[in-house]
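Below, chains carry the letters A, B, ... as their sequence lines are ordered, and counting in each starts from 1.
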There are 2 protein chains.
Amino acid sequence: MDRPLKIDELLCFSVYSVNHAISRLYRPLLAPLGLTYPQYLVLVALWDRDHRRVSDLGAELQLDTNTLTPLLKRMETAGLLTRQRNPEDERSLIVTLTENGRVLEHKATELTACVLEAMGGDIEELSALRDQLHALRDKLEQR
Amino acid sequence: MDRPLKIDELLCFSVYSVNHAISRLYRPLLAPLGLTYPQYLVLVALWDRDHRRVSDLGAELQLDTNTLTPLLKRMETAGLLTRQRNPEDERSLIVTLTENGRVLEHKATELTACVLEAMGGDIEELSALRDQLHALRDKLEQR
DNA sequence: GGCGATTATATCGTGTGCGATATACTTGGG
DNA sequence: CCCAAGTATATCGCACACGATATAATCGCC
């Protein structure tokens, strides 16, 4: 295939494009909670496992501290979490959800249902797509 | 499924995550050409169809002028394209590739091959994934 | 032909992402 | 015990995204 590819033929563009579409889908749903989409992803990670270091969060979300530090500071200001130096190792910072941050998990459940519905509602199909994307991500990361 | 989802179970996160992985893959490949990843996508669109209005580009790339205007200005400064008011309708702006911008298409061919290889090289599989993502994007947009 | 509505682009402010660099703390070898 | 190397987070600068708003040109209706 030597012919130059059109934009809609590029897998990378379809990923780019779907990512923005998803972000636009979440925006109005998250706005009433005072959350941005990346902030919501941080919360999802913290709801699962709390009281952990910034670098742990970063490893899971694939984000470095140059992104996470200001993001977490905004979330701290919003009263969703606390940032405390680890007494065992003063270099590291422990991120812990506040009651406010924990409570949002309930509201997020409806949100997930809403997103699922917007995506067509076929869980089998969407799970398969997710697994293919994970496989692709792993391929890209192992380089 | 009432159980709260973990981050790796969310399709939206896998898309988010793959998008960043792809962007990180392209970055070092595009850096020698002086391009960012979004700028590259603009070029792909322009290589296919040149001499068109900002809003046309925006419709194809799903970007509004608040993103495109500064992006295109940077590309104009870099000598990749020109921005000229349409004489037929002075409201609109016609974007045209310069020779410099057109020439990059050749170099991009190797780049596509490199990206394909990083993604595993199975064109059938990757095309199928792309088509699923397009279907998802269309579902999300029609809301 | 004038003027309000519409359209096309631009500007502003905020929030990510990320490369490069800085700072604070800990560890390990002499 | 001291200091160089390593580690964890922070800061800086730049480039997107995008909601909200502004500006300039055109259109349509009377």
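Using a 4.0 Å cut-off between charged nitrogen and carboxylate oxygen, A:D50 and A:R102 count as a salt-bridge pair. Salt bridge status for B:E60 with B:R52: present, with a side-chain N to carboxylate O gap under 4.0 Å.
By the side-chain hydrogen bond (donor to acceptor under 3.5 Å, both in side chains) test, A:R85 pairs with no residue at all, sequence neighbours left out. Among residues two or more places apart in sequence or in another chain, the ring pair (Phe, Tyr, Trp, His ring centres under 6.0 Å) test is passed with B:Y40 by B:Y26.
In terms of position on DNA chain D, the residue among B:T36 and A:R53 whose nearest nucleotide sits closer to the 5' end is A:R53.
Residue B:S92 places none of its side-chain N or O atoms closer than 4.0 Å to OP1 or OP2 of C:dA8. Note on B:R85: every side-chain N or O is 4.0 Å or more away from OP1 and OP2 of D:dT26. For the pair A:K73 and D:dT11, the criterion of a side-chain N or O lying under 4.0 Å from OP1 or OP2 is met.
When each of A:L97, A:L68, A:L43 is tested with A:M75 by the rule side chain to side chain contact (heavy atoms under 4.5 Å, CB included), just one qualifies, namely A:L43. When each of A:E141, A:Q62, A:H134, A:R137 is checked for a side-chain hydrogen bond (donor to acceptor under 3.5 Å, both in side chains) with B:S17, only A:R137 meets the rule.
Distance, B:L72 CG to C:dT11 P: 13 Å, rounded to whole Å. D:dC14 atom P lies 19 Å from atom CG of B:L35, rounded to whole Å. If you take CD of B:Q39 and C1' of D:dC14, they are 11 Å apart, rounded to a whole angstrom. Taking atom CG on B:L93 and atom P on D:dT23, their separation rounds to 19 Å, with Å as the unit. When rounded to the nearest whole Å, the span between CZ of B:R74 and C1' of C:dA10 equals 14 Å. Per the geometry, CD1 belonging to A:I22 stands 15 Å off P belonging to D:dA17, to the nearest Å. Between the CE atom of A:M75 and the C1' atom of C:dG15 there is a distance of 13 Å, rounded to whole Å. Following rounding to the nearest Å, A:D56 (CG) and D:dT7 (P) show an atom-to-atom distance of 15 Å.
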Every protein N/O within reach of nucleotides 23-28 of chain C N/O, cut-off under 3.5 Å:
from, atom 1, to, atom 2, distance (Å)
C:dT26, OP1, A:E90, N, 3.2

Is there any protein nitrogen or oxygen under 3.5 Å from a nitrogen or oxygen in nucleotides 17-22 of chain C, and what are the pairs?
from, atom 1, to, atom 2, distance (Å)
C:dG17, OP2, B:Y16, OH, 2.5
C:dC18, OP1, B:R24, NH1, 3.0
C:dC18, OP2, B:R24, NH1, 3.1
C:dC18, N4, A:N66, O, 3.3
C:dG19, N7, A:N66, ND2, 2.7
C:dG19, O6, A:N66, ND2, 2.9

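The C1' atoms of five pairs define one axis at each end of the helix from C:dG1-D:dC30 to C:dG30-D:dC1, and these two axes lie 0° apart (to 10°).
By the 4.5 Å heavy-atom criterion applied to side chains, A:L11 and B:L133 are counted as neighbours. Residues B:N100 and B:L81 are not in side-chain contact: their nearest non-hydrogen atoms beyond the backbone lie 4.5 Å or more apart. Counting heavy atoms from C-beta on, the side chains of B:S23 and A:Y16 never come closer than 4.5 Å.
With hydrogens and angles disregarded, a donor-acceptor distance shorter than 3.5 Å links the side chain of B:W47 to the backbone of B:G101. Using a distance-only test at 3.5 Å, with no hydrogens or angles considered, no donor-acceptor pair links the side chain of A:T69 to the main chain of A:N66.
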Sequence neighbours excluded and cut-off under 3.5 Å, please list the side-chain donor-acceptor pairs for residues 87-95 of chain A, or say none.
from, atom 1, to, atom 2, distance (Å)
A:D89, OD1, A:R91, N, 3.0
A:D89, OD1, A:R91, NE, 3.0
A:D89, OD2, A:R91, NE, 3.3
A:D89, OD2, A:R91, NH2, 2.7
A:S92, OG, A:N86, ND2, 3.4
A:S92, OG, A:D89, O, 3.0

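For B:S55, counting side-chain heavy atoms from C-beta on, the closest listed nucleotide (C:dT9, D:dA8, C:dA10) is C:dT9.
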